[in-house]
Amino acid sequence: MVIGFLVSYKSNLLSLSMRILENHSLQAYNTFGIDYKADFFAVVKSVSELRKLLAEPEFLRLPKLFLGGGSNILLCGDYKGLVVHIDLKGIADLGNGLIKVQAGENWHEFVLWSLNHGYNGIENLSLIPGNTGAAPMQNIGAYGVELKEVFVELEAFHIASEEIHVFDRESCHFGYRESVFKNIHKGAYIILSVTLQLRNDGLVNTTYGVITEVLNQRGIDKPAPKEVSEAVISIRQSKLPDPKEIGNSGSFFKNPVILRATFEEIKKQYADVPSYPVNGREVKVPAAWLIEKAGWKGKRIENYGVHEKQALVLVNYGGAKGEDIYKLAQDIQSSVKVRFGIHLQMEVNVIVS
Ligand code: EPU
């Protein structure tokens, strides 16, 4: 429901450009497609709009949730506060492959833009849902490539001081699905833009076995970046549900890093347990494998469940409640813990207001 220019009688400038919606459904703003409402909702298209919105006395004391593409959240109830959809747009080619992308640009469309402009470096990250502003939050990664490899810097709005701070690669402390924005600076910043260093050397990364398999099937032995992107798209489409059809948030859990000693114990019982080396002491085990072995793959409970083709993905078949999916995630955590002694960490941000 539009309550029109709620703030207009207080702030003429704001009323010119921004509508505040009351009791507004968030269904279109989270890829799980969960239908909860926000007390107040606004779309922000510039930093000055953001500043004006945050300065409104009406909203000063309210809890706030800043959303990009909503591809990494699970809403567990109506949001008793202000939800702000960050919709800053624009892609600037600064020369020599240095590209500055505004946070509200859809990530996959940006990947396609880069390929169409002759750049390579992010083709393996094709079809990852969400907006560019969220990409550094969790250092998105897929098929052997992580964002940090091409990352140069980002601009972020510091909510408390209203200053814009610049973070280079080092100050983001990127790790596997990690950055300072998920831990020490959690909730403190809104990412406004991301600058990446792309290349035009045509060199591709096909180290992830399944990419080579698809390229071989297609009779391609010297793939162009666009062909790698197409291979990634077909792999993802064959395994991962399209959020437009079945609500989901991609991988719900992180792949756990465990001690080699623990891994060897599991291996005694399950000779086929897959792993990726991390360092001399630790290995990473696919959470999907643990969840599948614990009997959850394809399990459906009414209108939600565990995806039948990828056990790491929890799905909303339509009309599910966030709390139910959260409870399912906790049940999966418990049973993996009981069976393997491993704690699965959730990758998705669970929002309880
Ligand atoms: N596996 C199972 N059961 C399943 C699925 C997979 O046992 O249902 C095992 C298989 O042994 C398979 C292995 O897990 O070989 C790895 O599976 P996959 O290649 O699908 O990758 P993943 O570890 O499950 C990670 C990322 C994905 C990313 C892929 C490809 C995380 C949490 N997830 O998944 O990222 O697309 O690798 O690089 O690291 C996302 O973050 O939303 C996401 C989809």
Side-chain angles (χ1 to χ4, degrees), residues 30-32 68-74 107-108 111 122-131 134-149 174-179 182 204-214 228-229 231-243 246-258 263 266-267 270-278 283-300 305-315 329 332-333 336 339-340 342-349:
N30 71 99
T31 58
F32 254 121
S71 60
N72 207 31
I73 56 160
L74 177 64
W107 173 261
H108 178 62
V111 173
I122 50 175
E123 54 282 354
N124 295 39
L125 305 180
S126 296
L127 215 59
I128 294 185
N131 287 353
M137 288 258 179
Q138 51 159 351
N139 180 28
I140 56 170
Y143 306 104
V145 172
E146 287 187 343
L147 181 81
K148 70 174 182 190
E149 292 161 39
F174 289 125
Y176 164 60
R177 296 293 197 274
E178 273 299 338
S179 77
K182 280 187 81 178
V204 293
N205 177 337
T206 55
T207 50
Y208 210 87
V210 69
I211 294 189
T212 321
E213 276 169 36
V214 170
V228 171
S229 166
V232 167
I233 290 171
S234 82
I235 297 162
R236 290 188 75 101
Q237 284 175 337
S238 70
K239 285 190 188 171
L240 299 168
D242 179 350
I246 301 177
N248 76 90
S249 227
S251 302
F252 199 93
F253 302 95
K254 287 166 71 164
N255 287 335
V257 174
I258 62 170
F263 176 70
I266 297 174
K267 209 169 174 179
Y270 301 94
D272 64 332
V273 55
S275 67
Y276 313 105
V278 173
V283 293
K284 203 191 270 178
V285 176
W289 184 89
L290 298 166
I291 297 168
E292 185 174 340
K293 286 287 177 230
W296 291 97
K297 188 168 179 175
K299 196 170 173 74
R300 182 170 176 158
V306 179
H307 190 51
E308 55 189 5
K309 293 189 193 144
Q310 168 49 289
L312 201 44
V313 179
L314 305 189
V315 290
I332 291 172
Q333 277 179 323
V336 167
R339 199 174 181 117
F340 297 103
I342 295 174
H343 171 67
L344 287 185
Q345 206 185 330
M346 295 186 195
E347 190 195 303
V348 167
N349 289 309

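Counting starts at 1 for both ligands and their atoms, following the listed order. Just so it is clear, the values below take in all heavy atoms, side chains as well, and ignore hydrogens, waters and symmetry mates.
More than 12 heavy atoms of other residues, nucleotides or ligands shown are found within 6.0 angstrom of NZ on Lys284.
Of all atoms in ligand 1, numbered sequentially from 1 with element shown, those under 4.0 Å from a heavy atom of Lys297 are 3 (N), 4 (C), 8 (O). Interface of Phe253 with ligand 1, defined as ligand atoms under 4.0 Å from a residue heavy atom, comprises 32 (C). Heavy-atom contacts of Pro286 reach the following atoms of ligand 1: 13 (C), 14 (O) (cutoff under 4.0 Å). Taking every heavy atom of Ala142 and a limit of under 4.0 angstrom, the matching atoms of ligand 1 come to 36 (O), 38 (O). Close approach of ligand 1 to Trp289 is summarised as follows: ligand atoms under 4.0 Å from at least one heavy atom of the residue are 2 (C), 7 (O).
Counting only heavy atoms of the protein, atom 1 (N) of ligand 1 lies nearest to Ala288 CB, 3.7 Å. The single protein non-hydrogen atom nearest to atom 36 (O) of ligand 1 is Arg236 NH1, 3.5 Å, given as residue, atom name and distance. Protein heavy atom closest to atom 10 (C) of ligand 1, with residue, atom name and distance, is Pro274 CG, 4.6 Å. When hydrogens are left out, the protein atom nearest atom 25 (C) of ligand 1 is Asn255 ND2, 4.1 Å; that is the closest non-hydrogen contact. Of the protein's non-hydrogen atoms, Glu292 OE1, 3.4 Å is the one closest to atom 2 (C) of ligand 1. Nearest to atom 24 (O) of ligand 1 among the protein's heavy atoms is Gln310 NE2, 3.0 Å. Closest to atom 16 (C) of ligand 1, if we only count protein heavy atoms, is Tyr276 OH, 3.1 Å. For atom 37 (O) of ligand 1, the nearest non-hydrogen atom of the protein is Tyr208 OH, 3.8 Å.
In terms of N/O distances under 3.5 Å, ligand 1 is approached by Tyr176. Inclusion of Gly144 in the set of residues having an N or O under 3.5 Å from an N or O of ligand 1 is not warranted. Between Ser251 and ligand 1, at least one pair of N/O atoms sits closer than 3.5 Å.
Taking the ring centroids of Tyr276 and Tyr176, they lie at or beyond the 6.0 Å cut-off.
The shortest non-hydrogen separation linking Leu344 to Ala287 is CD2-CB, 3.8 Å.
Heavy atoms of Phe252 come nearer than 4.0 angstrom to ligand 1 in no pair at all. Heavy-atom distances between His307 and ligand 1 stay at or above 4.0 Å for every pair. Contact analysis puts Arg177 in contact with ligand 1, with a non-hydrogen atom separation below 4.0 angstrom.
In this structure, Trp107 contributes its side chain and Leu125 its backbone to a donor-acceptor pair below 3.5 Å. Side-chain atoms of Ser179 never come within 3.5 Å of backbone atoms of Phe174 as a donor-acceptor pair (strictly under, hydrogens ignored).
Under 4.0 angstrom from ligand 1, there are no non-hydrogen atoms of Lys293.
The aromatic rings of Tyr270 and Trp289 stand perpendicular to each other, their planes meeting at an angle above 60°, with 30° marking the opposite boundary.
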